[in-house]
Amino acid sequence: MKTDAKQLDTLTRALMKGTTEKPSVAVMNRIMKQVEKERRATKNISVSSRPAMGWLIAGSAAYLLLLVGMGCLLLGAQDDAAGVASSLQGLFPLIVVVSAGASVFFCCTQLDRWQRWQRMAINNGSNGY
């Protein structure tokens with residue numbers, strides 16, 4: 001069966017050989033120039049580096065400090081830390097929910113950014129690390 005398929009393939013190729021048109025030298029040169037131009041354009045792509053874990057931790061800490069500061073401003077300035085803690089005690093669940101929601105949103109956007117970076121690095125021939 002394999003020899004029949006091979007014979008059929010060679011016969012088909014021999015019959016098709018005379019029906020194809022060969023492009024002129026000018027067309028071939030234009031195609032090669034276009035390929036080389038596209039190859040040069042893709043080699044110059046640079047991928048930005050990943051955000052460092054320190055920036056993520058520092059951003060989260062600054063975000064939590066901002067939330068506490070906004071809570072203090074909304075409730076009015078208290079004279080001592082105990083007064084601030086007692087006034088924020090009622091808002092604590094709200095602060096936790098808002099900060100958790102914002103943190104999950106931030107984490108998802110950073111994960112998406114990292115995955116896009118990884119895909120771009122792999123498409124450019126790097127191993128992604």
Side-chain angles (χ1 to χ4, degrees):
M1 186 78 179
K2 282 188 176 181
T3 57
D4 290 337
K6 286 182 183 178
Q7 288 174 350
L8 182 62
D9 186 47
T10 54
L11 180 61
T12 305
R13 288 182 188 272
L15 289 172
M16 295 294 289
K17 197 174 204 178
T19 62
T20 59
E21 291 184 29
K22 295 189 179 184
S24 67
V25 176
V27 172
M28 291 295 288
N29 286 337
R30 278 189 277 148
I31 291 172
M32 286 306 295
K33 283 181 184 178
Q34 183 68 27
V35 167
E36 289 173 2
K37 182 179 170 185
E38 289 174 3
R39 187 179 300 151
R40 274 184 266 136
T42 57
K43 284 188 178 181
N44 294 334
I45 293 175
S46 64
V47 178
S48 62
S49 64
R50 292 186 263 200
M53 186 57 76
W55 282 106
L56 295 176
I57 293 171
S60 300
Y63 173 72
L64 290 175
L65 287 174
L66 179 69
L67 281 177
V68 170
M70 291 299 289
C72 290
L73 283 176
L74 291 175
L75 296 173
Q78 301 289 334
D79 291 336
D80 57 352
V84 172
S86 65
S87 63
L88 287 179
Q89 194 171 17
L91 292 176
F92 184 72
L94 178 66
I95 292 173
V96 168
V97 168
V98 169
S99 63
S103 299
V104 167
F105 174 74
F106 180 72
C107 180
C108 289
T109 56
Q110 291 302 313
L111 181 64
D112 181 55
R113 189 169 157 200
W114 179 76
Q115 286 177 337
R116 276 189 277 129
W117 180 87
Q118 196 80 358
R119 261 185 261 124
M120 249 173 40
I122 289 171
N123 289 340
N124 287 335
S126 169
N127 64 359
Y129 295 105

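If you read the sequence from its start, that first residue is 1, and numbering goes on from there.
Pairs engaging residues 87-112 under the salt bridge (charged side-chain N to carboxylate O under 4.0 Å, His left out) rule: Asp112-Arg116 [sequence neighbours left out].
In this structure, Phe106 is not a member of the same hydrophobic cluster as Val97, with clusters built from ILVMFWY side-chain heavy atoms closer than 4.5 Å.
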As a quick check of understanding, evaluate side-chain contact (heavy atoms from CB on, under 4.5 Å) for Met28 and Val25, giving each step before the final call. CA-CA 5 Å; Met28 291 295 288; Val25 176; 5.6 Å; no
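Of the candidates Met32, Glu38, Glu36, Gln34 forms a side-chain contact (heavy atoms from CB on, under 4.5 Å) with just one, namely Glu38.
Arg13 has its side chain within reach of Asp9: a pair of non-hydrogen atoms, C-beta onward, lies under 4.5 Å apart.
Between the OG atom in Ser24 and the CZ atom in Arg30 there is a gap of 6.5 Å [rounded to 0.5 Å].
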